[in-house]
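Just so it is clear, the model here is predicted, and its values are computed rather than measured. A note on names: the letters A, B, ... follow the listed sequences, proteins ahead of strands, and every chain is numbered from 1.
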Amino acid sequence: IAGITQAPTSQILAAGRRMTLRCTQDMRHNAMYWYRQDLGLGLRLIHYSNTAGTTGKGEVPDGYSVSRANTDDFPLTLASAVPSQTSVYFCASSDHPPGGQGGETQYFGPGTRLLVL
Amino acid sequence: KQEVTQIPAALSVPEGENLVLNCSFTDSAIYNLQWFRQDPGKGLTSLLLIQSSQREQTSGRLNASLDKSSGRSTLYIAASQPGDSATYLCAVWSSASKIIFGSGTRLSIRP
């Protein structure tokens, strides 16, 4: 069982280019999340999806979009990358979204290191 | 808006000691609180999750407690080992702010 896979592992991107970060989970989890981690700012939620077909905005959604066409995949797209989007991006999943159902433990992927020049 | 604080920012102790990491939050209307560890250059590994209705959770040498009324959680590590060296993060999920992470405690266990 792979858990959560993210691709690419790292990327150097020219400002203004479009980029999609891929995230796939094989645990059949309902909820998925995208975070960015920056020195001095910690981990921040970008977007989330409580179940296939639905998405929501987190703390820092501007400049990013997501889709959840099926249970397993949750791609994150930067439509026109800017240097401030240089970061480490983590995808995570949980069996259920927070709210008291249980199964709320989040499992993280290995991350994608993105440098926007 | 929810704020999550972790103290201390860094901690170094000799092997074998018991230790406590602290996490405080400002909004007590939470769904859950989760403790993670992160090794350098790696993703996060979940350690314990405490639901809003629970007071504590235990896994092996780890025990996490939650006091919503005072906005505090502690992670107790018994008989620390060099392999416990990592950054420990707490994260609080609330309906208003979604998930907010603390800045972490960097733990070093000296052999």
Side-chain angles (χ1 to χ4, degrees), chain A residues 2-7 9-10 21 23-25 27 29 31-50 54-61 66 87-113, chain B residues 1-7 9-10 23-54 57-59 62 64 66 68 75 86-106:
Chain A
I4 296 181
T5 57
Q6 294 186 235
T9 302
S10 63
L21 308 185
C23 174
T24 300
Q25 52 105 357
M27 298 174 283
H29 282 175
M32 297 186 74
Y33 315 87
W34 273 107
Y35 298 92
R36 60 178 290 173
Q37 186 173 34
D38 303 286
L39 277 173
L41 295 173
L43 271 147
R44 293 177 292 170
L45 181 66
I46 304 171
H47 285 288
Y48 64 95
S49 169
N50 286 340
T54 69
T55 62
K57 295 181 179 180
E59 185 181 357
V60 288
V66 291
S87 187
V88 180
Y89 291 86
F90 290 104
C91 180
S93 71
S94 62
D95 194 10
H96 295 291
Q101 300 180 74
E104 299 171 18
T105 297
Q106 290 193 31
Y107 299 90
F108 277 69
T112 293
R113 285 154 184 75
Chain B
K1 180 186 172 186
Q2 180 77 271
E3 294 181 9
V4 180
T5 303
Q6 291 188 247
I7 295 174
C23 174
S24 61
F25 49 94
T26 55
D27 181 359
S28 62
I30 67 172
Y31 287 134
N32 63 52
L33 184 147
Q34 193 164 1
W35 283 93
F36 298 89
R37 69 172 280 166
Q38 185 175 28
D39 295 286
K42 303 292 186 183
L44 278 68
T45 300
S46 177
L47 298 173
L48 291 164
L49 181 144
I50 310 177
Q51 296 282 4
S52 172
S53 59
Q54 298 173 326
Q57 284 286 334
T58 297
S59 176
L62 306 179
L66 174 64
K68 278 199 313 178
L75 179 66
T87 295
Y88 290 78
L89 298 159
C90 70
V92 177
W93 196 292
S94 57
S95 59
S97 302
K98 300 293 182 277
I99 189 166
I100 301 295
F101 282 79
S103 53
T105 293
R106 190 171 64 254

* To do: Can you tell which part of L89(B) gets under 4.5 Å to a heavy atom of chain A, answering side chain, backbone, both or neither?
  => side chain

* Asked: Distance from Y107(A) atom OH to L44(B) atom CG, nearest 0.5 Å?
  -> 13.5 Å

* Considering residues, nucleotides and ligands other than E3(B), do more than 12 of their heavy atoms fall under 6.0 Å from its CD? -> no

* Looking at Q106(A) and F36(B), what are the two nearest heavy atoms and their distance? -> O-CE2, 3.8 Å

* Structure fact -> Whatever's closer than 4.5 Å to a heavy atom in chain A on Q38(B) counts as side chain

* **Residue that, paired with P98(A), satisfies side-chain contact (heavy atoms from CB on, under 4.5 Å) out of I99(B), V92(B), N32(B)** => N32(B)

* Structure fact -> Note: W93(B) and L45(A) closest approach over all heavy atoms is CH2-CD2, 4.2 Å

* Relative to chain A, which segment of I30(B) carries a heavy atom at a distance below 4.5 Å: side chain, backbone, both, or neither? -> neither

* Asked: Quick one: what part of R44(A) sits under 4.5 Å from any heavy atom of chain B, side chain, backbone, both or neither?
  -> neither

* R106(B) atom CZ, over 12 foreign heavy atoms within 6.0 Å -> no

* chain A: which of K98(B), K42(B), K1(B), Q34(B) shares the most heavy-atom pairs with it under 4.5 Å? -> Q34(B)

* Asked: Non-hydrogen atoms of chain B under 4.5 Å away: do they reach the side chain of Q37(A), the backbone, both or neither?
  -> side chain

* Structure fact -> Rounded to the nearest 0.5 Å, the CG atom of L43(A) sits from the OG atom of S103(B) at a distance of 11.0 Å

